[in-house]
Amino acid sequence: VVKTLIGSASITRESSVLPVAPGQRVFAGDRISAAGASYVGVTLHDDTRLAIGPGSEIVIREFEFNSSSYAGAIAISFLRGTARVITGIIAKHTPERVRFNTPTMTIGIRGTDFIVDLEEQP
């Protein structure tokens with residue numbers, strides 16, 4: 001769910017581009033893009049929190065979560081810009097099922113809070 005929005009952002013879902021609004025649900029496969037001078041705050045069902053910075057773009061590649069057993073999986077790709085992540089229940093219970101990717105590396109998670117800052121490549 002989009003919790004906060006400062007400025008403007010969009011979600012590309014399949015072939016549709018949707019404007020972002022607080023309260024909007026996000027799904028696996030969504031590409032979230034924040035405009036310049038904009039910020040988007042997203043909370044996933046397992047309480048993983050994403051803060052997407054100005055000019056940034058991420059893709060939620062996979063998200064599964066069972067609130068009874070806490071089983072699930074997360075895969076998110078950071079495509080450009082900056083983002084802060086505070087991991088949730090899935091990272092605490094099954095950290096091997098949590099993957100964060102950048103264009104050049106994969107981040108393994110063991111329950112944490114981190115920031116990704118991707119520099120433009122020449």
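Residues: numbered from 1 along the sequence shown.
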- Item | Nearest heavy-atom neighbours spanning Ala9 and Ala34 | CB-CA, 3.9 Å
- Query: Atom OG1 of Thr102 and atom CD1 of Ile58: how far apart are they, to the nearest 0.5 Å?
  - Reply: 13.5 Å
- Correct closest heavy-atom pair for Ser56 and Thr82 would be OG-N, 2.7 Å
- Task: Kindly give the heavy-atom pair with the smallest separation between Ala21 and Val2, and that separation in Å.
- Result: O-CB, 3.6 Å
- For Pro103 and Leu79, which heavy atoms make the closest approach, and how far apart are they? CG-O, 4.1 Å
- Just wondering, do Pro19 and Ser10 contact through their side chains at under 4.5 Å, heavy atoms? no
- Give the intermediate values and the outcome of side chain to side chain contact (heavy atoms under 4.5 Å, CB included) for residues Ile90 and Thr48. CA-CA 8 Å; Ile90 295 171; Thr48 294; 5.7 Å; no
- Distance from Ile60 atom CD1 to Asp30 atom CG, nearest 0.5 Å? 5.5 Å
- Message: If you compare all heavy atoms of Ala37 against all heavy atoms of Pro54, which two are closest, and at what distance to 0.1 Å?
- Response: N-CB, 3.4 Å
- Val42 with Ile89, same ILVMFWY side-chain cluster at under 4.5 Å: yes
- Query: Going hydrophobic residue to hydrophobic residue with side-chain gaps under 4.5 angstrom, can you get from Phe63 over to Val59?
  - Reply: no
- Task: Apply side chain to side chain contact (heavy atoms under 4.5 Å, CB included) to Thr87 and Phe100, showing your working.
- Result: CA-CA 11 Å; Thr87 59; Phe100 294 99; 4.2 Å; yes
- Message: Rounded to the nearest 0.5 Å, what separates atom OG1 in Thr94 from atom CG in Asp46?
- Response: 9.0 Å
- Stepwise side chain to side chain contact (heavy atoms under 4.5 Å, CB included) test for Val85 and Leu50: CA-CA 5 Å; Val85 177; Leu50 307 165; 3.7 Å; yes
- Any link between Ile74 and Tyr70 through a network of hydrophobic side chains (Ile, Leu, Val, Met, Phe, Trp, Tyr) touching at under 4.5 Å? yes
- Query: With a 4.5 Å heavy-atom cut-off, do Val26 and Ile11 have their side chains touching?
  - Reply: yes
- For the residue pair Thr4 and Val40, establish whether any side-chain heavy-atom pair is separated by less than 4.5 Å. no
- Query: Can you pull the salt bridge (Lys or Arg N to Asp or Glu O under 4.0 Å) pairs that have at least one residue in residues 49-60, sequence neighbours excluded?
  - Reply: Arg31-Glu57, Glu57-Arg80
- Gln24 and Leu18, any side-chain heavy atoms less than 4.5 Å apart: yes
- Compare every heavy atom of Glu62 with every heavy atom of Arg97, then report the nearest pair and how far apart it is. NH2-OE2, 3.9 Å
- Task: Assign the ring pair Phe65 / His45 to parallel, tilted or perpendicular, where the plane angle (0 to 90°) is split at 30° and 60°.
- Result: perpendicular
- Note on the structure: Rounded to the nearest 0.5 Å, the CD1 atom of Ile6 sits from the OG atom of Ser38 at a distance of 9.0 Å
